[in-house]
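The structure presented is a predicted model; accordingly, all values stated were derived computationally and were not measured. Sequence lines set the chain letters: A, B, ... in the order given, protein chains first and strands last, and positions in each chain run from 1.
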Amino acid sequence: MNECAERTGSLGSPLILRLRHVYGGRAGCLDDLAAYPKGGSAGASPSSSAFWERTSSGGRRFAEPPNAGAHPPRPVGVPAESSVGPSLAKAASRILVIGWGNELRRDDGAGRCVAREVAAREWPDVEVLDVHQLTPELALSICASRSVIFVDACPVTECAGLSVQPVDPVGEEAPFGVSSIGHTGSPGALLRLTKALYGVAPPAWLVAIPAESFDAGDHFSSTTAAAVPEAVREVEHLVRTMEERFDEDSRCKAVE
Amino acid sequence: MSKTIVIDPVTRIEGHSKITLYLNDAGEVDDARFHVTQFRGFEKFTEGRPFYEMPAITARICGICPISHLLASAKACDELLAVRVPPAAERLRRVLHMGQTIQSHALSFFHLSAPDILLGMDADPAQRHILGLAKAHPDIARDGVWLRMLGQQIIEWLSGKRVHPAWVVPGGVGSPLTAEVRDRILEMIPRGLDIAQRALDLFTGVLDTFQKEIDTFANFPSLFLSLVTKNGELELYDGVFRVVDADRKIVADQVDTNAYAEYIGEAVEPWSYLKMPYYRPNGYPHGLYRVGPLARLNNVDRCGTPLADAALVEFRKMAEGAVLSSFHFHYARLIEILFALERTRELLNDPDILSTRVRAVAEPNSYEGIGVAEAPRGTLIHHYRIDDEGLITWANLIIATGHNNMAMNRGILQAAKEFVHGDRITEGALNRVEAVIRCYDPCLSCSTHALGQMALHLELKDREGNVLDERMR
């Protein structure tokens, strides 16, 4: 049996860290941010990101990531949904949120804080991973998901404000230096590993949270503190949009 | 004129380091130094913290082997409480540690070292990594991902988190095991054993092609130090110290871990933040010893589980005395994965594992506590002193990578003498010098208590300190 099916079939999908059951660390960390102004005061509005497109009615819709179009992805060696029963079908309809970083390095822990806040909302068909590093075995969780939302801190020198960007698997020509998958990895490298190992790389986005300080400490800078609630809202918006798309895809398939 | 080569940073290890190679007037490598260039200072900034915070704090030293720190720290705290940990709690701690060993060894072998071993030391560095491995040998790469996931999963199911769990506490563990989780883990063990056995067969099948590396990768006589059980079996969680020499003759045995300071001294050098532990009876620097998988297998009489013992018999055929080449850390690591899987099954099949008595509660009853465990990379020592309020007044941590510091320096020199010629660094030479270090799977973030990227910087210098060539990754 393929790893993806195993993770969600015979094992009953317990392999994902279900934070609603094991809610630990800085639980309810948004409460820690109460002293800071909430709302979208930090950085640029997501609507200004190249990822978001304005619609004619003034609303917004999200642009296709380059690796979109395979909903749900079907891993190598895994039979079509109709023949694998509900477990894999459920897994393939799952949206995976991965927040990562070092919580002892101030703003570096922002992605994990967002992950826990998302987990606390207990959205159906959304699984959340709150991890220290992006490590190779996450490929298993990624290959079993319909789409992935990575959440990480991003130095303000690179990210003036909160941004939402599509993530591609890194190309063959991409250099693999010190930041490549060893003990740690990048979202693009992880997607490429997933594709190399299991034949699929689901569409993925990165929610990048502006971060001012990576010094030792466990409290956020004011910029990051303000951006975290906004990042949670952006994750929610992405999830809802994906769910709507998935529903539409399902209806189309039913008509076909 | 003498010259120097510097490798900075060293890649596919945890932490940041630099290697300097010094050439003599004849252009031959004359000396080598492995510099660890980061500093963290956990021993200092934990002073004044309540002792019961130490497991959670010190687990943050590392994202790869936090469980080992957690356990060594909790054991030191057990001593501060002067309590006996309930048997079920000790078993659960051991299972957790087996998960840690499996995931860490899987990461080291499949993801960090297998690219060298299966794609070749001289392969294009742009492809010589886990993704290149996934392309060339997808089944092996998938095996590695699955095996690491198994280890991480054991940790998560037991403790609630894959990294930095707070489940291990002074006096025991935070919650008992359920039958459901026990059965889930047991279900996964057979596949893990298949993968480990397959990897072992694969590795031993290609050993002949690495004879030059085996001969020159830190292949020299030394002492070996590790924990063993009181009857000489492989022990990762508790036990007593044993030291053997290059002939596998026992130099010290049945040494109480609380007497570590009588046997281990700590020297410092101005060119590295990583301390230089040495075997005190032999003095510094003559007291060079090695720890970790190779040392453990050289030290034990037997592993104590069937598949690992069968593999140990084959391992022992490589030498009449101790296996001396550090290239065989990889071999030993694979045998230890087998052992960890077998031991996990044994522990989980004990009916008492489901006992709900998993924590002894007490106030501090002692001013000093020492906890020792075998981390995946070797012996890990936590030693604390507290005041009347239970606040830490002094802490000493001796980390596996630190124990191996002198051996890594000597190994780099040996490999550089073999593979570095002239005043330029070839890719093959660079990778082999790095690979010597990777044999030890060093965790520099742990050992210096620094947080840094994985990196290598190699410099070639003349005796006057002029940089002749340098390579960075």
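- Annotation: the span from A:T135 atom OG1 to B:H111 atom NE2 amounts to 9.0 Å, rounded to 0.5 Å.
- Counting heavy-atom neighbours within 6.0 Å of B:Y52 OH, excluding the residue itself, gives a total of 12 or less.
- Here B:R182 pairs with nothing under the side-chain hydrogen bond (donor to acceptor under 3.5 Å, both in side chains) rule; sequence neighbours left out.
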**OP:** Any chance you could lay out the side chain to side chain contact (heavy atoms under 4.5 Å, CB included) test for B:W146 and A:E137, step after step, and finish with the verdict?
**Re:** CA-CA 7 Å; B:W146 195 91; A:E137 73 277 6; over 6 Å; no
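- For A:E158, the side-chain hydrogen bond (donor to acceptor under 3.5 Å, both in side chains) criterion is met by no residue, not counting sequence neighbours.
- In this structure, A:L140 and B:V145 have side chains that are in contact, with non-hydrogen atoms separated by less than 4.5 Å.
- Taking NZ of B:K135 as the start and NZ of A:K195 as the end, the distance is 12.5 Å to the nearest 0.5 Å.
- Contact between A:L197 and B:P138 at its shortest, heavy atoms only, is CD2-O, 3.9 Å.
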